[in-house]
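Reading through the structure tokens given below for one structure.
Below, chain A is the first sequence line, B the second, and so on; all start at residue 1. Computed from a prediction, not measured in an experiment: that's the story for all the values here.
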Number of protein chains: 2
Amino acid sequence: MERHQMDRGTYRVTFEPEGRSAFVLGGTNLVEAAGQAGIILNQPCGGEGTCGKCQVEVLENAPEPTAADRRHLSDAMLADGWRLACQLTVEHDLVVSIPQGTRFFEQLVLTDGEGRKYPFCPNLRKTHVLVPAASVEDPRSHLDRLKAAIGNRHLQTDLRLVKALPSLLGDGDGDVTVVCEGDEIQWVEAGDTTGDLYGVAFDIGTTTIAGALLNLSEPAKAGGQTVGSRTNPQVHFGDDVVTRIGYAEKHADGLDKLRKRLLGALNEIVGEVCASAGIDPEAIYEVTAVGNTTMSHIFLGVDPTSIGHAPYVTVLREGVDVKAKEVGLDINRNGNLHVLPNIAGFVGSDTVALVLASGMMQQGEVVLGIDIGTNGEVVLGNSERLIACSCAAGPAFEGARIRQGMRATEGAISKVVINEGIEVAVIGGGRASGICGSGLVDAVAELLNAGVIDPAGRILSGEELDASLPEAVREAVVEVDGQPAVVLAGAGRSKVGGPVVLTQRDVREVQLAKAAIQAGIQVIATEFGVNLQDVDSVLVAGGFGNFIRRSNAKRIGLLPAVGSDRIEYIGNAALTGAKIALACRDCREEAEQISSRTEYIELANRPDFQMHFMEAMMF
Amino acid sequence: MERHQMDRGTYRVTFEPEGRSAFVLGGTNLVEAAGQAGIILNQPCGGEGTCGKCQVEVLENAPEPTAADRRHLSDAMLADGWRLACQLTVEHDLVVSIPQGTRFFEQLVLTDGEGRKYPFCPNLRKTHVLVPAASVEDPRSHLDRLKAAIGNRHLQTDLRLVKALPSLLGDGDGDVTVVCEGDEIQWVEAGDTTGDLYGVAFDIGTTTIAGALLNLSEPAKAGGQTVGSRTNPQVHFGDDVVTRIGYAEKHADGLDKLRKRLLGALNEIVGEVCASAGIDPEAIYEVTAVGNTTMSHIFLGVDPTSIGHAPYVTVLREGVDVKAKEVGLDINRNGNLHVLPNIAGFVGSDTVALVLASGMMQQGEVVLGIDIGTNGEVVLGNSERLIACSCAAGPAFEGARIRQGMRATEGAISKVVINEGIEVAVIGGGRASGICGSGLVDAVAELLNAGVIDPAGRILSGEELDASLPEAVREAVVEVDGQPAVVLAGAGRSKVGGPVVLTQRDVREVQLAKAAIQAGIQVIATEFGVNLQDVDSVLVAGGFGNFIRRSNAKRIGLLPAVGSDRIEYIGNAALTGAKIALACRDCREEAEQISSRTEYIELANRPDFQMHFMEAMMF
């Protein structure tokens with residue numbers, strides 16, 4: 001009996017080209033129906049029928065055109081079934097094609113320029129419904145009445161929710177909000193909570209963790225500008241992933257300790273971004289995370305041992321969906337965690353996120369992406385083919401293994417220029433207490449140009465220096481701890497602390513790091529069959545706090561010698577990718593494709609890598 | 001690099017008409033590939049190519065016919081792509097149509113006659129594979145190598161299994177058995193355990209619980225003859241579901257207590273059938289269960305309160321899949337529980353199982369199914385339409401509310417015949433200690449025929465009895481506790497215990513019970529628009545230990561007056577349906593359709609029910 005009622009009043013609206021369907025009650029507006037199917041339409045006028053932007057093509061059962069339809073659409077279009085979605089009320093089963101121009105696209109700005117556009121279609125959506133009480137005339141089950149109120153009989157759910165239904169629907173007024181994830185009902189809440197729908201995207205770096213809060217309730221609010229970060233507290237167990245894998249391997253509770261440290265920091269960031277935005281952590285329903293493969297494994301409690309030994313295999317490559325509660329995230333108790341897929345043991349989901357954020361896989365142009373963090377990952381390709389490798393560059397550009405290296409924070413020399421003397425810019429403007437990645441690149445490049453460092457990377461001795469060099473520069477060349485060094489910022493400039501020097505060993509570290517990256521790039525370019533000069537664009541992501549000067553990065557060979565207009569700094573592309581995956585469910589599928597399609601080159605197995613590496617040691 | 005290897009060696013075989021695909025390594029036999037897709041083929045000769053029974057039509061990429069193909073198939077068939085599956089080795093992507101005649105059908109015998117045939121396609125299947133160790137040449141993830149070994153890249157899994165992979169695949173020889181459920185890897189076990197794959201099907205009655213063990217490893221062994229049963233220990237909290245719902249409602253821990261009692265009995269039965277069959281409970285990977293709606297709710301820990309009050313709605317109608325561990329079943333720790341869907345508050349999954357077991361929904365003939373247990377459920381229909389109702393018949397036919405009523409166990413009068421005196425058959429052949437359902441039907445029918453009971457159900461007094469009745473019959477009419485009664489078995493026959501009598505109140509109970517069923521049948525027949533005389537067959541399921549005589553059941557009006565050849569006893573059809581759902585994954589989808597398509601008639605709301613009920617009170 002109830003079945004007939006539903007058949008009378010519920011219609012299936014299928015949206016093309018996705019082929020996705022929504023089941024809605026008669027009288028539902030088509031914009032709403034599309035939203036239910038996860039397709040957000042452009043509606044600048046707010047559904048008044050005045051802007052004419054929400055044009056769709058009704059392929060089956062097009063209703064009579066309205067006056068607003070006639071104002072905005074030609075007779076030919078009307079005859080073909082074109083209508084304004086905001087003026088269309090569903091009264092039949094419909095098949096509707098939604099053109100690209102009618103869709104709402106969130107634009108994610110990677111830097112100052114144009115960013116990648118992606119559809120705003122969060123994995124989770126909330127629907128406020130009134131579930132009628134059961135009656136003699138309508139004795140359907142609690143769950144059947146709930147599904148009918150949502151307008152989709154095909155929703156799945158689990159026993160956990162079913163057990164809660166009697167208290168949610170048994171005695172109350174049926175005024176509830178349903179949280180849906182794809183075709184699954186994730187949870188039901190009392191009252192109208194549609195406004196409370198947030199997510200957090202994480203980039204879990206070996207050294208730094210960053211998290212961004214996104215409002216998932218409507219595209220206009222998505223934002224993601226509320227960001228928090230922490231040093232990864234696992235540094236306590238070692239600076240690099242290999243040391244941490246070793247810790248997990250050697251101690252019975254090692255993996256769990258590493259995991260809990262990380263989790264603590266993630267939960268702190270959740271608390272921090274929620275406090276900044278003035279929202280309750282209960283309003284966070286989903287977390288996405290990217291990171292290098294070891295971080296992802298540890299976060300999920302999966303033993304990373306195999307990543308630490310040849311052949312460096314991962315336990316899993318695919319993305320993972322799991323209840324956030326299961327991994328201990330302090331968000332809504334029914335929330336999800338989606339960890340993006342990785343590519344190989346040393347090319348993680350952070351690289352997948354870079355490819356995702358750049359839109360590389362969507363375009364014909366050949367793009368080179370370089371992510372320089374505690375390690376260096378390089379990916380090259382286009383919509384046809386993607387190749388990635390991991391360069392054992394070491395953390396020199398993050399300041400590690402450099403005598404006075406530091407991260408790009410206050411006191412770091414971030415820029416070096418040699419004119420009459422050595423001039424430096426210091427972050428924060430105070431005294432120089434060390435040097436960060438961009439400063440290192442500048443210093444080495446400028447000293448090379450000045451002839452203080454020779455093409456083999458050797459700091460010349462005082463006698464060898466060209467006599468035409470300004471005296472201040474010549475005087476900067478000193479000896480520190482028995483090795484040649486260059487004083488970049490003298491002690492005299494500040495009341496406290498000694499001078500900041502660049503030692504011969506520091507130059508060798510830079511040389512090794514850049515050679516690893518340069519050789520890696522060369523190998524995958526050869527594999528791809530492209531000359532580096534012909535690469536259409538070079539995207540540089542990573543931990544350089546201030547962006548290095550393109551000319552100097554090219555001078556030392558860190559970046560290929562392409563026109564500077566083709567080099568773009570894209571900041572923390574890993575976090576950007578995690579944010580895109582949070583705001584756009586369909587992009588997760590793209591991430592899976594990036595993961596499975598990207599060919600991984602193990603440089604250690606490539607004879608040509610050694611050759612390129614030796615060549616790249618020269619400046 | 002590894003991707004190319006996989007593309008070279010893995011082929012997709014699509015089976016029609018299902019459209020289901022299997023991904024198999026080159027060289028795999030087609031019968032195996034079909035099995036992987038859950039389609040079991042007939043192979044009487046064991047794959048020798050001698051019987052010619054495994055004919056399939058290769059729609060795309062048919063290979064050259066073999067000598068065996070040529071022996072068994074005509075040139076025309078060969079030209080059309082017909083081949084013997086057992087002779088076909090997959091070396092390309094294939095599309096293959098499997099005709100019905102080539103499929104293996106398990107036949108479930110409902111009684112002595114022909115039973116319903118269904119495809120043997122368990123939800124779970126095991127595959128023994130050798131997963132190659134990771135190497136420099138094959139650095140794929142543990143999970144990717146596992147999936148490749150299974151030959152299906154599209155398998156899903158969960159974090160629980162991923163966490164276990166390092167110990168399963170990290171150091172071992174990769175010799176493992178994979179347990180798959182549809183497209184999901186449920187678990188991986190060391191070594192070859194393909195022979196250990198069992199399931200248990202349960203019928204959870206209000207009074208009795210029955211469980212059957214099935215071997216799911218191959219169709220020939222399916223069996224299901226190892227059966228155990230227990231009285232439902234919830235009887236401690238009340239005889240009927242309403243009392244138990246009340247207990248759950250009134251006590252904070254009521255639901256949990258009821259659930260745990262039930263669970264204890266189910267686990268005892270698991271232990272018992274495993275002991276009988278000599279297998280380890282760890283080899284049980286799936287349990288299916290049917291029962292009335294209240295039992296299903298309690299078993300799953302879902303509050304049944306709403307079933308106990310008008311409008312008697314259920315919390316959920318659909319079938320449920322849940323980890324067996326989550327509900328506390330002592331089977332393999334990764335095992336599943338599938339509880340079949342119900343129809344309404346008083347028409348449960350046991351009725352769905354009856355429809356499933358009978359194949360009612362598959363045929364054009366109109367079938368009436370009657371399940372007489374602690375309650376009476378009736379379902380009428382065919383492939384076009386199904387209607388069900390619940391008759392508040394009470395448990396008279398299970399012996400309850402009858403002065404000396406008992407279940408059909410030793411000592412129960414199961415048969416009554418009146419000739420020169422009243423003759424009875426007693427189960428076990430010893431003294432009569434009570435009367436069971438079939439005895440009751442016999443007794444009332446025979447006493448009606450003899451004129452001892454009048455059509456209104458009144459036991460005539462001594463003076464009213466026809467003088468032509470044999471003296472022994474006349475003398476049997478006595479007075480017990482101030483009401484008329486008939487002595488069915490005298491005290492004199494036995495050394496201990498008193499006589500077994502049928503009192504006036506007992507006859508009234510039978511009258512009420514049969515009237516409720518008779519009126520319910522009449523209402524749904526009217527609703528369906530069929531005369532009961534035209535029903536093609538009447539299937540009687542339920543707790544009658546020995547089957548009642550058809551003529552007597554018709555005489556008292558319990559069964560409609562159709563030819564006795566159209567009445568069939570089908571035993572515990574609920575358990576049969578649970579067994580079918582265990583052995584045949586596709587039948588679960590049929591069960592969902594039965595649940596959603598069957599129209600439920602609430603007799604209390606039907607004015608015509610009262611009328612039919614009054615009429616049906618007469619014999």
Query - Residue list, ring pair (Phe, Tyr, Trp, His ring centres under 6.0 Å) with Phe609(A), at least two apart or on another chain - result: Phe613(A)
Query raised in the report: Non-hydrogen atoms of chain A under 4.5 Å away: do they reach the side chain of Leu316(B), the backbone, both or neither?
Result: both
Query raised in the report: Top residue by heavy-atom pair count (under 4.5 Å) with chain B, among Gly345(A), Pro166(A), Ala164(A)?
Result: Pro166(A)
Report summary line: One option among Asp321(B), Thr305(B), Asn605(B), Leu146(B) has the most heavy-atom pairs under 4.5 Å with chain A, and it is Asn605(B)
Query raised in the report: Lys147(B) versus chain A, heavy atoms under 4.5 Å apart: side chain, backbone, both or neither?
Result: side chain
Requested in this report: Identify which of Thr314(B), Asp303(B), Leu165(B) forms the greatest number of heavy-atom pairs closer than 4.5 Å to chain A.
Outcome: Thr314(B)
Query raised in the report: Side chain, backbone, both or neither: which part of Ala134(B) has a heavy atom under 4.5 Å from chain A?
Result: both
Query - side chain to side chain contact (heavy atoms under 4.5 Å, CB included) between Val523(A) and Cys389(A), worked out - result: CA-CA 9 Å; Val523(A) 168; Cys389(A) 69; over 6 Å; no
Report summary line: Applying a strict 4.5 Å limit to non-hydrogen atoms, the region of Val162(B) in contact with chain A is both
Report task. Salt-bridge test for Arg585(B) and Glu286(B): reply yes if a basic N is under 4.0 Å from a carboxylate O, no otherwise. Result -> no
Query raised in the report: In Å, rounded to the nearest 0.5 Å, how long is the span from CD1 of Ile343(B) to OH of Tyr600(B)?
Result: 10.0 Å
Query raised in the report: Should the pair Glu527(B)-Arg385(B) be classified as a salt bridge under the 4.0 Å nitrogen-to-oxygen rule?
Result: yes
**Report entry** Reference residue Ile307(B); test side chain to side chain contact (heavy atoms under 4.5 Å, CB included); the match among Val242(B), Thr293(B), Val241(B)
**Finding:** Thr293(B)
Requested in this report: For each of Ser167(B), Gly301(B), Ser306(B), tally heavy-atom pairs with chain A at distances under 4.5 Å, and name the one with the top tally.
Outcome: Gly301(B)
